[in-house]
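The first residue of the sequence shown is numbered 1, and numbering continues consecutively from there.
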Amino acid sequence: MGELSYVVALDQGTTSSRSIVFDSNQQVVGVAQREFTQFFPQEGWVEHDPREIWATQYGTMNEAVAASGIDPARIAAIGITNQRETTIIWDRATGEPIYDAIVWQCRRTASIVDELTRQPGMTEHIKAATGLLPDAYFSATKIRWILDHVEGARQRAEAGELAFGTVDSWLVWNLTGGAVHVTDVTNASRTMLYDIHLLDWDDEILRALDIPRALLPEVRSNSEIYGYANFMGRKIPVAGMAGDQQAALFGQGCFAAGDAKSTYGTGCFLLMNTGDKVVDSQNGLLSTIACQIDGKTNYALEGSVFVGGSVIQWLRDGLGIISSSAESGQRAASVPDTGGVYLVPAFTGLGAPWWDMYARGTIVGITRGTTADHIIRAADEAIAYQVADLVEAMEKDTGTPLTALRVDGGATRDAFLMQFQSDILGKQVLRPRILETTALGAAYLAGLATGVWGSLDEISHLWSLGKQFDPAMGRDEAVRLTDGWHRAVERSRGWAQAS
């Protein structure tokens, strides 16, 4: 297109809703963001209000377009990316949720997972069909919990009166005025209900959890027109959709087998594109769908860290020892090391490669000389250690060492963290010019479906390096520090084991 056109990316995250307007040269021309309420009704439980998710997302969309100053008539498409696994069930007639959104971090369904894995062969079936390991992280047991605990919900679900969706489905439903109930393959692949080989919902798992098929959305590709949003008097196509980590993989231009990226957000997520092959992990990683475009499905290996950047939020809001997230890197760099302190942020259990639902947060190595700065540095370093564990697992699974790691997400602004990440890995860390690659990926997917960009080749040439971090630490020191981290992890494991 000769004249610039625009794509609005809706980036619905775990702690905030954000909207970014990109032009066809991938320049950001408008942005707005709003945090929303986190509910913690009991230990290990995390909830959101679905109505607040929608209100903040729609509000930021209006604000971002207004800030851009563009004519809404020149918006070619809307793309969506979202926190994955978070589970919402609503009334199809009224659009009202029947319960709060149960967030991906929530561990309330650990006992349902235990019950499921006691069924003969079920663990093996789930892994073979979905590429996932049975865990409370995924949507399936959250759906079961809502159906079990909201009066009459299962009967209404069987009668087709209720709709389940991850956050992408909820946003499309609201954008289209309730006309469209869909999800995309990447979000479907994170429910623990979707067969990533057959590309269909799995009846055996649905039966095991007593979840009616009538509840589920239609599964679509990542780049197509799903429906139309009425926005500022215009009908705008909703044309791209992917879970946040797959969107970031796409936004980083990781289109070829072997390309990998790590996103540092609320959690940390390392994904490697494995092409058209599903790699069966032997090291605690998950197999998942990377993207599906024009009928071609690419897969990925994924490692998930539950608490990444949110450990810094905890230092601010929970402990009150920093006043802003930006302060953490400065305070961490103000001491030469942690003084032997390790902080394992297993606040809601441990994800890959440990998969311990009963691990809990631990600080070890404290002495009389320990200061707040040592704890802040230990928290920052913990993010890098967790990502390094994922890289090691991925290299074992693929037999291929990563030459460099592409990174993105809010915490990558922390130069201390990025340098420490490079040091511990012994690899280059590449931070792109545009850090908002999750939103950019959603924009690319929507723009591909509507002619804003013509091909994957065109998009891959748009990626540009912002800053490169090179390892400066000796390998012996990196190994010594990592060994200490693994000792600390062992002390966090199984802490909350049910008696």
Side-chain angles (χ1 to χ4, degrees), residues 11-16 18 20 33 81-84 104-105 243-252 254 259-272 300 302-316 322 324-333 343-348 350-352 376-394 402 404-425 427-441 463 465-469 485:
D11 184 359
Q12 205 300 300
T14 308
T15 58
S16 68
R18 178 168 43 185
I20 301 180
Q33 182 169 346
T81 184
N82 57 285
Q83 53 166 315
R84 303 170 306 170
W104 58 273
Q105 299 162 310
D244 51 10
Q245 303 315 317
Q246 286 92 338
L249 189 72
F250 202 83
Q252 284 272 35
C254 296
D259 290 346
K261 67 88 203 173
S262 182
T263 296
Y264 298 72
T266 301
C268 292
F269 301 88
L270 179 68
L271 269 74
M272 177 187 281
E302 173 170 337
S304 311
V305 167
F306 297 152
V307 177
S310 58
V311 70
I312 306 303
Q313 195 175 36
W314 173 72
L315 295 178
R316 183 191 71 188
I322 57 173
S324 68
S325 297
E327 191 184 330
S328 65
Q330 299 159 12
R331 296 277 296 276
L343 189 158
V344 182
F347 303 151
T348 55
L350 286 169
I376 292 165
R377 181 168 177 135
D380 234 11
E381 289 186 359
I383 300 171
Y385 286 129
Q386 291 180 101
V387 171
D389 286 343
L390 299 182
V391 170
E392 181 184 4
M394 199 162 278
L402 287 185
L405 183 65
R406 291 189 178 192
V407 299
D408 56 75
T412 61
R413 293 184 177 89
D414 182 344
F416 168 81
L417 172 59
M418 291 298 96
Q419 183 58 53
F420 189 77
Q421 185 71 82
S422 177
D423 288 343
I424 286 298
L425 286 174
K427 301 177 191 297
Q428 288 182 341
V429 168
L430 308 177
R431 188 172 69 189
R433 182 177 60 81
I434 295 179
L435 293 184
E436 307 302 346
T437 52
T438 304
L440 185 60
W463 189 92
L465 179 66
K467 185 170 175 56
Q468 177 175 309
F469 297 87
W485 160 255

Participant: Decide yes or no for Gln105 and Phe306: does some side-chain heavy atom of the first lie under 4.5 Å from some side-chain heavy atom of the second?
Facilitator: no
Participant: Got a second to check how far Thr412's OG1 is from Arg406's CZ, nearest 0.5 Å?
Facilitator: 14.0 Å
Participant: Does Asp414 have any side chain to side chain donor-acceptor pair (under 3.5 Å) partners at least two apart in sequence or in another chain, and if so, which?
Facilitator: none
Participant: Any side-chain heavy atom of Val305 sitting closer than 4.5 Å to one from Asp389?
Facilitator: no
Participant: What distance separates Gln313 CD from Ser325 OG, expressed to the nearest 0.5 Å?
Facilitator: 6.5 Å
Participant: I'd like to know whether the aromatic ring centres of Phe420 and Phe469 sit less than 6.0 Å apart in this structure.
Facilitator: no
Participant: Quick one: do Trp485 and Val344 satisfy side-chain contact (heavy atoms from CB on, under 4.5 Å)? Show the steps, please.
Facilitator: CA-CA 8 Å; Trp485 160 255; Val344 182; 3.9 Å; yes
Participant: Is Thr263 close to Leu271 at the side-chain level, that is, under 4.5 Å between some pair of heavy atoms?
Facilitator: no
Participant: Show the numbers, then the answer: is there a side-chain contact (heavy atoms from CB on, under 4.5 Å) between Asp11 and Ile20?
Facilitator: CA-CA 8 Å; Asp11 184 359; Ile20 301 180; 5.5 Å; no
Participant: Do Arg331 and Ile322 pass the side-chain contact (heavy atoms from CB on, under 4.5 Å) test, and can you show the C-alpha distance, the side-chain angles, and the key distance before you say yes or no?
Facilitator: CA-CA 9 Å; Arg331 296 277 296 276; Ile322 57 173; 4.0 Å; yes
Participant: Heavy atoms, side chains only, cut-off 4.5 Å: are Gln12 and Gln83 in contact?
Facilitator: yes
Participant: Do Arg377 and Phe416 make a side-chain contact, defined as non-hydrogen atoms from C-beta onward lying under 4.5 Å apart?
Facilitator: yes
Participant: May I ask you to test the Gln419-Asp423 pair for a side-chain heavy-atom distance under 4.5 Å?
Facilitator: yes
Participant: Side chains of Val407 and Gln421: closer than 4.5 Å at any heavy-atom pair?
Facilitator: no
Participant: Looking at residues at least two apart in the chain, or sitting in another chain, which of them share a side chain to side chain donor-acceptor pair (under 3.5 Å) with Trp314?
Facilitator: none
Participant: Salt bridge check, Glu436 against Arg413: does any charged N sit closer than 4.0 Å to a carboxylate O?
Facilitator: yes
Participant: If you measure from CD on Glu392 to CG on Leu425, what distance do you get to the nearest 0.5 Å?
Facilitator: 10.5 Å
Participant: Should Leu270 and Leu405 count as side-chain neighbours, where that means a heavy-atom distance under 4.5 Å?
Facilitator: yes
Participant: My understanding is that only one of Thr437, Asp408, Thr438 makes a side chain to side chain donor-acceptor pair (under 3.5 Å) with Gln252; could you say which?
Facilitator: Asp408
Participant: Counting only N and O atoms by type, is there a donor-acceptor contact under 3.5 Å from the side chain of Lys261 to the main-chain atoms of Ala248?
Facilitator: no
Participant: With side-chain contact (heavy atoms from CB on, under 4.5 Å) as the criterion, how do Glu302 and Phe269 come out once you've worked through the C-alpha distance, each side chain's angles and the decisive distance to 0.1 Å?
Facilitator: CA-CA 7 Å; Glu302 173 170 337; Phe269 301 88; 3.5 Å; yes
